[in-house]
Amino acid sequence: VGERMNKLLTLFLLAFTTLTPIISQEYAEEPYNPRNSYGVFVGGGFNLHSADFKKFDGIPSCCPGYETGEGFGIKLGIYYSTPMGDLIDLSLRAKYLQLGGLVSRIEHEEGTTLSGNNQTLDFEHRFDASINSLALEPVLEFKLSDQFRLRGGFRIGYLLNGYLNEHVEEVVSPSNGLFTDENGNTSRTRNSYTGDIPNLSSIEAAIMIGASYDMPLNDSYTLFLVPYIDMSLGLTSFVPDFGWTSNSIVGGLGLRYAT
């Protein structure tokens, strides 16, 4: 049995070392012919939040309505791509995304200074949310040249978690401004909360467009470094009926192996 396994291994290694130069030479002669590929990618970018709600369920707030915010998130994943013709590839991606951000709004209200005088206060309603998703992205890639590609598709993801790292209302101006509650107590902050986002949705979805450029890393044109930029438009609210979505602009690098 051992001798037979040694013979099979020798035949496999012989076939591999014989065919690899032939295949590599074929790719070198026609380096950008359509072929299957797979790879990994990692990037980071800005999350631009849009919202239309006043408060989370069960969390006190006097905000007249949250509207905008932003944050930074990491995006990483793996993909497989197959040709649909000479100029179009179909790619399926599995990716992890950080979609959170800081949403805030400044409001003006009569309050009390440390000296006891009444004054118009500028105070901030804000919350800092961490939201993570595990998603699939079917994407069509259009070759504008051998190396430059445009792409478009959609994303459907499962929200792994959503957490409020901070939820607070704070006096930001003047420096000696204070809130006064119904009992006469004063403080620079009120309605503080940290914890899970109430009623977080299970699913998130978005449409996306992007561009990439293939840079060969070897003479056989099987390994490519792929810088890319993607933009996505959120279609679903993180909490039902809140109108709270995140659009993203992401730049990153991929590593593609073509077979």
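These numbers come from the heavy atoms of this one structure, side chains and all, not from hydrogens, waters or symmetry mates.
Counting heavy-atom neighbours within 6.0 Å of Asp241 CG, excluding the residue itself, gives a total of 12 or less. For CZ of Phe53, the number of neighbouring non-hydrogen atoms (other residues, nucleotides, ligands) closer than 6.0 Å is greater than 12. Under a cut-off of 6.0 angstrom, the local environment of CZ in Phe154 is sparse, with at most 12 non-hydrogen atoms contributed by other residues, nucleotides or ligands. Within 6.0 Å of CD1 on Ile106 lie more than 12 heavy atoms contributed by other residues, nucleotides or ligands. The number of heavy-atom neighbours closer than 6.0 Å to CZ of Phe72, taken from other residues, nucleotides and ligands shown, is above 12.
Between Arg190 and Glu170, none of the side-chain N atoms (NZ, or NE/NH1/NH2) sits under 4.0 Å from a carboxylate O, so this pair counts as no salt bridge. Using a cutoff of 4.0 Å between basic side-chain nitrogens and carboxylate oxygens, Asp89 and Arg151 are not scored as salt-bridged. Looking at Glu166 and Arg126, a side-chain N of the basic residue comes within less than 4.0 Å of a carboxylate O on the acidic one, giving a salt bridge.
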**Message:** Pair Glu67, Arg105 - check salt bridge (charged side-chain N to carboxylate O under 4.0 Å, His left out), show working.
**Reply:** CA-CA 7 Å; Glu67 296 176 337; Arg105 177 168 178 174; 3.5 Å; yes
**Request:** List the steps and the verdict of side-chain contact (heavy atoms from CB on, under 4.5 Å) for Ser81 and Tyr38.
**Result:** CA-CA 6 Å; Ser81 183; Tyr38 52 89; over 6 Å; no
**Message:** Working note: Leu140 + Leu90, criterion side-chain contact (heavy atoms from CB on, under 4.5 Å); need CA distance, chi angles, decisive distance, verdict.
**Reply:** CA-CA 5 Å; Leu140 285 176; Leu90 174 64; 3.9 Å; yes
**Asked** Should Phe242 and Tyr66 be marked as a ring-ring contact (aromatic ring centres under 6.0 Å, His included) after you check the CA-CA gap, both sets of side-chain angles, and the distance that decides it?
**Response** CA-CA 10 Å; Phe242 272 26; Tyr66 294 105; 9.2 Å; no
**Asked** Should Ile197 and Phe56 be marked as a side-chain contact (heavy atoms from CB on, under 4.5 Å) after you check the CA-CA gap, both sets of side-chain angles, and the distance that decides it?
**Response** CA-CA 8 Å; Ile197 296 174; Phe56 292 97; 3.9 Å; yes
**Prompt:** side chain to side chain donor-acceptor pair (under 3.5 Å) between Thr259 and Asn36: does it pass, once the steps are laid out?
**Reply:** CA-CA 6 Å; Thr259 61; Asn36 295 330; 5.0 Å; no
**Item:** Asp230 vs Arg93, salt bridge (charged side-chain N to carboxylate O under 4.0 Å, His left out): CA-CA, chis, key distance, verdict
**Value:** CA-CA 13 Å; Asp230 284 340; Arg93 303 173 172 200; 3.5 Å; yes
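In terms of heavy atoms, Leu97 sits closest to Ala135 at CD1-CB, 3.7 Å.
If you check the side chains of Asn165 and Ser130, you find a donor sitting under 3.5 Å from an acceptor.
Taking hydrophobic clusters as Ile, Leu, Val, Met, Phe, Trp and Tyr residues chained together by side-chain heavy-atom distances below 4.5 Å, Phe142 does not share a cluster with Phe224.
Counting heavy atoms from C-beta on, the side chains of Ile209 and Leu233 never come closer than 4.5 Å. Side-chain atoms of Glu124 and Glu169, non-hydrogen and from C-beta on, never get closer than 4.5 Å to each other. Annotation: side chain of Leu164 is in contact with side chain of Ile59 (closest heavy-atom distance under 4.5 Å). The closest side-chain heavy-atom distance from Leu102 to Glu70 is not below 4.5 Å.
Although no hydrogens or angles enter the test, the distance criterion places no donor-acceptor pair under 3.5 Å between the side chain of Glu141 and the main chain of Ile88. Here the side chain of Ser248 pairs no donor or acceptor atom with the backbone of Val250 at under 3.5 angstrom. Side-chain atoms of Glu204 never come within 3.5 Å of backbone atoms of Gly234 as a donor-acceptor pair (strictly under, hydrogens ignored). Side chain of Asn47 to main chain of Gln98: a donor-acceptor pair is present (N/O by atom type, distance under 3.5 Å, no hydrogens or angles). Checked by atom type and distance alone, the side chain of Thr222 never pairs as donor or acceptor with a backbone atom of Tyr257 at under 3.5 Å. Of the possible donor and acceptor atoms, none in the side chain of Ser201 sits under 3.5 Å from a partner among the backbone N and O of Ile203.
The aromatic rings of His49 and Trp244 are tilted relative to each other, their planes meeting at an angle between 30° and 60°. Below 30°, between 30° and 60°, or above 60°: for Tyr213 and Phe148 the angle between ring planes is between 30° and 60°, a tilted geometry.
By the ring-ring contact (aromatic ring centres under 6.0 Å, His included) test, His125 pairs with Phe123, sequence neighbours left out. Under the ring-ring contact (aromatic ring centres under 6.0 Å, His included) criterion, Tyr193 pairs with no residue, sequence neighbours left out.
Atom OG of Ser104 and atom CZ of Phe127 lie 9.0 Å apart (nearest 0.5 Å). Here the straight-line distance linking atom CG of Leu48 with atom CD1 of Ile249 works out to 5.5 Å at 0.5 Å rounding.
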